[in-house]
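Report on the following structure.
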Amino acid sequence: FSGNLDIQLLRKMSDAILHRGPDDEGEFHDAAKGVGLAHRRLSILDLSPTGHQPMMSEDGAVVLVFNGEIYNFRELRMELEARGHRFRGHSDTEVLLALYMAKGEDLLPYLNGIFAFALWDARQRTLLLARDGLGVKPLYYAEAKSGFVFASELKALLRVSEVGRDVDPIALQHYLTYLWCPAPSTLLRSVKKLEPGCAL
């Protein structure tokens, strides 16, 4: 969530996707900048608390929420360790965060995996969203009066009353014809899907 932060709304959005990650949950708020991130975790790699999300950089300036798996995270970790980076845990999330700290927005070509993530960089006041090249992991977004909202499922965005419910007839036709809606379209005119292999 980026805009006029409503923490209760952020929690309602997170609750709407509880089934996506029943093992852990977390929130990050920066009310002064109007940014909030929530995460539901399905623990697969690094079941310890060091894999908890949202995950923050050591200086607290960069915050990451991540869904998916980075297949080459071990190789990336070794390269980052060779450059002096020290890790606390064993998750691919921590490697992704460290890679951003080293490469900035140029990190995407280094990633081999299936993923969708959101990364807030308070130093630059930027929010980076990205999705894997095959589009395996979903990422939906909408612009509302209160701000920019995004989630891994459309149902979380429906917790935001300002997100329009008008059906996109062309997207509906695509769904009925192909059983899916090609990105960036969704069944709702007001909601977009980040295209595979793209960043925003």
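By convention here, the first residue in the shown sequence is residue 1. Atoms considered below: every heavy atom in the structure, side chains included; atoms not considered: hydrogens, waters and symmetry mates.
A distance of 5.0 Å separates CG in Leu108 from CZ in Phe117, rounded to the nearest 0.5 Å. Going from atom NZ of Lys145 over to atom OG of Ser161 covers 9.5 Å, rounded to the nearest 0.5 Å. Between the CZ atom of Arg86 and the CG atom of Leu80 there is a distance of 10.5 Å, given to the nearest 0.5 Å. Rounding to the nearest 0.5 angstrom, the gap separating the NE2 atom in His85 from the CG atom in Leu76 is 12.0 Å. One distance of note links CG of Asn67 with NZ of Lys137; it measures 4.5 Å at 0.5 Å rounding. Taken from CG in Leu96 to CE in Met101, the straight-line distance is 12.0 Å, to the nearest 0.5 Å.
With hydrophobic clusters built from ILVMFWY side chains whose heavy atoms lie under 4.5 angstrom apart, Leu9 shares a cluster with Leu188. Under the 4.5 Å side-chain heavy-atom criterion for Ile, Leu, Val, Met, Phe, Trp and Tyr, Ile114 and Leu107 are members of distinct hydrophobic clusters. A continuous path of ILVMFWY side-chain contacts below 4.5 Å connects Phe148 to Leu139, so both sit in one hydrophobic cluster. By the criterion of side-chain heavy atoms lying less than 4.5 angstrom apart, applied directly or through intervening Ile, Leu, Val, Met, Phe, Trp or Tyr residues, Leu187 is grouped together with Leu176 in one hydrophobic cluster.
Smallest separation of non-hydrogen atoms from Ala116 and Pro138: CB-O, 3.6 Å. Met13 approaches Ala156 most closely through the heavy-atom pair CG-O, 3.4 Å. In terms of heavy-atom proximity, Met55 sits nearest to Ser91 at CE-OG, 3.9 Å. Taking each heavy atom of Pro54 and Gly26 in turn, the nearest pair found is CD-C, 3.4 Å. The two residues Ala171 and Ser185 come nearest to each other via the heavy atoms CB-CB, 4.1 Å.
Although no hydrogens or angles enter the test, the distance criterion places a donor-acceptor pair under 3.5 Å between the side chain of Glu162 and the main chain of Ser146. Panel note: side chain Arg131, backbone Leu129; no donor-acceptor pair is recorded below 3.5 Å. Judged purely by atom type and a 3.5 angstrom limit, Thr177 uses its side chain to pair as donor or acceptor with the backbone of Gln173. Listed for the Asp132 side chain is a donor-acceptor partner under 3.5 Å among the backbone atoms of Val136. Between the side chain of Lys193 and the backbone N or O of Leu154, no donor-acceptor pair lies under 3.5 Å. Side chain of Thr186 to main chain of Lys192: no donor-acceptor pair is present (N/O by atom type, distance under 3.5 Å, no hydrogens or angles). With Arg77 contributing its side chain and Val95 its backbone, the two residues share no donor-acceptor pair below 3.5 Å. Side chain of His29 to main chain of Ile7: no donor-acceptor pair is present (N/O by atom type, distance under 3.5 Å, no hydrogens or angles). A donor-acceptor pair under 3.5 Å links the side-chain atoms of Arg40 to the main chain of Ser14, judged by distance alone. Between the side chain of Glu94 and the backbone N or O of Gly89, at least one donor-acceptor pair lies under 3.5 Å.
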CA sep, side-chain torsions, deciding dist, call: Leu18, Glu25, side chain to side chain contact (heavy atoms under 4.5 Å, CB included): CA-CA 9 Å; Leu18 169 64; Glu25 65 180 302; 6.0 Å; no

Please evaluate residues His174 and Trp180 with respect to the criterion side chain to side chain contact (heavy atoms under 4.5 Å, CB included), reporting the C-alpha separation (whole Å), side-chain torsions for both, the decisive distance (0.1 Å), and the verdict. CA-CA 6 Å; His174 286 158; Trp180 68 293; over 6 Å; no

Would Glu69 and Phe115 count as a side chain to side chain contact (heavy atoms under 4.5 Å, CB included) if you check the C-alpha gap in whole Å, the side-chain angles of each, and the deciding distance to 0.1 Å? CA-CA 6 Å; Glu69 186 176 355; Phe115 57 84; over 6 Å; no

Take Asn112 and Phe73, measure what side chain to side chain contact (heavy atoms under 4.5 Å, CB included) needs, and give me the verdict at the end. CA-CA 8 Å; Asn112 174 12; Phe73 82 97; over 6 Å; no

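Within 6.0 Å of OH on Tyr175 lie no more than 12 heavy atoms contributed by other residues, nucleotides or ligands. Atom CD1 of Ile170 has 12 or fewer neighbouring heavy atoms from other residues, nucleotides or ligands inside a 6.0 Å radius. Within a 6.0 Å sphere centred on CD of Glu58, heavy atoms belonging to other residues, nucleotides or ligands number 12 at most.
For the residue pair Tyr71 / Asp92, no side-chain donor-acceptor distance below 3.5 Å is found, with atom types taken as modelled.
Taking 4.5 Å as the limit, every side-chain heavy atom of Leu97 sits out of range of all side-chain heavy atoms of Phe66. The side-chain heavy atoms of Leu128 and Glu105, taken from C-beta on, include a pair separated by under 4.5 Å. Side-chain contact check for Lys33 versus Trp120: some heavy-atom pair is nearer than 4.5 Å. When side chains are defined from C-beta on, Leu200 counts as touching Tyr141, because their heavy atoms get closer than 4.5 Å. For the pair Val149/Val163, a side-chain contact is recorded, criterion being any heavy-atom separation below 4.5 Å from C-beta on. When side chains are defined from C-beta on, Ile17 counts as touching Ser152, because their heavy atoms get closer than 4.5 Å. Contact annotation: the side chain of Leu119 never approaches that of Leu127 to less than 4.5 Å [non-hydrogen atoms, C-beta and beyond]. Leu99 has its side chain within reach of Leu111: a pair of non-hydrogen atoms, C-beta onward, lies under 4.5 Å apart.
Classification of Asp15 and Lys12 as a salt-bridged pair fails, no side-chain N sitting under 4.0 Å from a carboxylate O. Salt bridge absent: Glu79 and Arg83 never bring a charged side-chain N and a carboxylate O closer than 4.0 Å.
Between Phe150 and Tyr140, the gap from one ring centroid to the other reaches at least 6.0 Å.
Judged as a salt bridge (Lys or Arg N to Asp or Glu O under 4.0 Å), and not counting sequence neighbours, the contacts of Arg11 are Glu27. Remark: Lys103 engages Tyr110 in a side chain to side chain donor-acceptor pair (under 3.5 Å) (not counting sequence neighbours). Arg159 is linked by a salt bridge (Lys or Arg N to Asp or Glu O under 4.0 Å) to nothing, counting only residues two or more places apart in sequence or in another chain.
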